[in-house]
Amino acid sequence: MFKNFINAFKVKEIRNKILLTILLVLIYRLGCWIPVPGVDASAFASQVSGDEGFLGLLSSVSGGALANGSLLALGIAPYISASIIIQLLTIAVPSLERLSKMGDEGRKKIAGYTKIAALVLAIAQAVAIVISFEGVLKESTLGDGLTLPTWFVGIVVTLVLIAGSMFTYWLGEKITELGISNGQSILIFVGILSTAGTSLLTNFTNIFKGDMGSLTELLLFILALILIFGFIVWIDGSERKVPVQYAKQIKGRKMYGGQSTFIPIRVNATGVMPIIFAMSLLSFPQLILSIFVDTSTNKFYLWYSKWLGAGSWVYIILVGLLITFFAYFWTQVTFNPDDVSKNIQQNGGFIPGIRPGKPTSDYLKKISNRVTLFGALFLSVIAIIPSLIFKSIGGSLVSAFSATGLLIVVSVAIEFDKSLEAQMLMKSYKGFLK
């Protein structure tokens, strides 16, 4: 990966794209530190940092922007949620399904619907956060003793959070258009690394002060991180190759086909989506309850936090079950054995030993279910075990990486490396054609 990055930097056109990507990322990180006017940043940080559920996940993905009470506190989260919802609706709503099959024109319309959904979700999340953390809003005093009431400050904060979310989305689009790789993925990647960097900086500060316990903690953390990263990379590249043989066909004076290929069915084809779905589903009721009830005295809220809050055994079991369910569900969305079987048959292909048509579809479905089960077990292990390991290590490094963060960092790094390779390959072809 580092070799590809160095080689890409030698090409002027690609180097300019990399520098532009870095510039846009720096603008994003600057917005993650500028506080929203009217918010008590220290009180906001104390409430968000202690949350292990939805808000904690949102803060870690945004690089601590939510905990800082910054302009870009919502980050790219509304757009991600909107993308997931629209993709699911393309399966359930026939009109959207038709749009998805209409090529570039259909994709443009779906992208427009995604932007509208992202705006709606940004409004909902901003309002929910302001209502939930009403206590951290402060009255603003202007000149001549004029004071703005808290409700007015809340409206201003809500509008700023919404504008910041849409600005983050715009930055991601510009990185995709003018830079390298997918812009939204890059922003999430940088946010997670920023969160980890803050935790590591705190640990190094303790080591320099002579705290040998922090040194032991750092060594154990690095060892665990290397093993977990290696395991994720190994599984991420694993796939089941289903052989396909194409019969020879004579069209005119030319012969086509007669070649062997394969259908790659990835073990972790669903990516990080099942984990996000599962954790969001379990954390969302707690977030809604915190808006309407007193979190310190309400019995139902306290019961829910104790038994279904992050870290409890019931929560761990439910996360594992929900991840398995959503892994199968997402596989049905992304991989359709009937369409693959029909495509193979139409092109004169067949799987050796399997009859074309429905037997091929059933065979692919059987293999997909088995591979998905292994992938779901992998996601369940990654969602639970690393968090327990890092908690057992303790100290300031507990919040450095979440399970979701680990998967995202590896996936985005691999995607970025592939994008660089594609850019260099395209440049080589252009040079050859000239």
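Side chains included, hydrogens not; waters and symmetry mates left out as well; all remaining heavy atoms used.
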Worksheet item: What is the distance from atom CD1 of I18 to atom CD of E13, rounded to the nearest 0.5 Å?
Response: 11.5 Å
Discussion item. With a 4.5 Å cut-off on side-chain heavy atoms, are F335 and I265 touching?
Written reply: yes
Worksheet item: So do the side chains of V156 and V36 get within less than 4.5 Å of each other, counting heavy atoms only?
Response: no
Worksheet item: Quick one: does Y113's side chain get under 4.5 Å of L89's, heavy atoms only?
Response: no
Worksheet item: Closest heavy-atom contact between T372 and S368?
Response: OG1-O, 2.6 Å
Practice prompt. Could you grab the distance from atom CG of L377 to atom OG1 of T324, nearest 0.5 Å is fine?
Written response: 6.0 Å
Worksheet item: Between L178 and K17, what is the shortest heavy-atom contact and its length?
Response: O-CG, 3.5 Å
Fill in: Any donor-acceptor pair under 3.5 Å from N343 side chain to D339 backbone
no
Worksheet item: Can you name the closest pair of heavy atoms from I162 and A126 and give their distance?
Response: CG1-CB, 3.8 Å
Discussion item. In the structure I gave you, are the side-chain heavy atoms of I27 and F167 within less than 4.5 Å of one another anywhere?
Written reply: yes
Worksheet item: Taking side chain as C-beta onward, heavy atoms only, is Y328 less than 4.5 Å from L373?
Response: yes
Item to complete: Give the C-alpha distance, both sets of side-chain angles, the deciding distance and a yes or no for salt bridge (Lys or Arg N to Asp or Glu O under 4.0 Å) between K174 and E177.
Response: CA-CA 5 Å; K174 286 301 176 183; E177 179 183 350; 3.6 Å; yes
Worksheet item: Are more than 12 heavy atoms from other residues, nucleotides or ligands located less than 6.0 Å from atom CZ of F231?
Response: yes
Fill in: Y28: which of L23, T168, I186 passes side chain to side chain contact (heavy atoms under 4.5 Å, CB included)
T168
Response to the item:
Here the gap from F378 atom CZ to I323 atom CD1, rounded to the nearest 0.5 Å, amounts to 10.5 Å
Practice prompt. For L121 and A82, work out which heavy atoms get closest and say how close.
Written response: CD1-N, 3.5 Å
Worksheet item: Backbone N or O of P337 within a donor-acceptor pair of the S341 side chain at under 3.5 Å?
Response: no
Worksheet item: So which heavy atom on G164 is nearest to which on L72, and how close?
Response: O-CD2, 3.3 Å
Worksheet item: Do the rings of F326 and F329 sit parallel, tilted or perpendicular, given the 30° and 60° boundaries?
Response: perpendicular
Discussion item. Counting C-beta onward and ignoring hydrogens, is there a side-chain heavy-atom pair between E239 and F262 closer than 4.5 Å?
Written reply: yes
Worksheet, complete the sentence: Rounding to 0.5 Å, atoms CD1 (I86) and CG (L96) come to a distance of 6.5 Å
Discussion item. Counting neighbours of CZ on R15 that are heavy atoms of other residues, nucleotides or ligands and sit closer than 6.0 Å, is the number greater than 12?
Written reply: yes
Discussion item. For a quick test of reading the model, state the closest non-hydrogen atom pair linking T176 to G183 and the distance between them.
Written reply: OG1-N, 2.7 Å
Worksheet item: Can you find a heavy atom in the side chain of Q184 that is under 4.5 Å from one in the side chain of Y169?
Response: yes
Item to complete: Can you measure from CD1 (I367) to CD1 (I263) and round to the nearest 0.5 angstrom?
Response: 8.5 Å
Worksheet item: Is any side-chain heavy atom of I175 less than 4.5 Å from a side-chain heavy atom of V25?
Response: yes
Fill in: Approximate separation, where rounding is to 0.5 Å, of L119 CG and I116 CD1
8.5 Å
Worksheet item: Are any side-chain N or O atoms of S165 and backbone N or O atoms of L161, one a donor and one an acceptor, separated by less than 3.5 Å?
Response: no
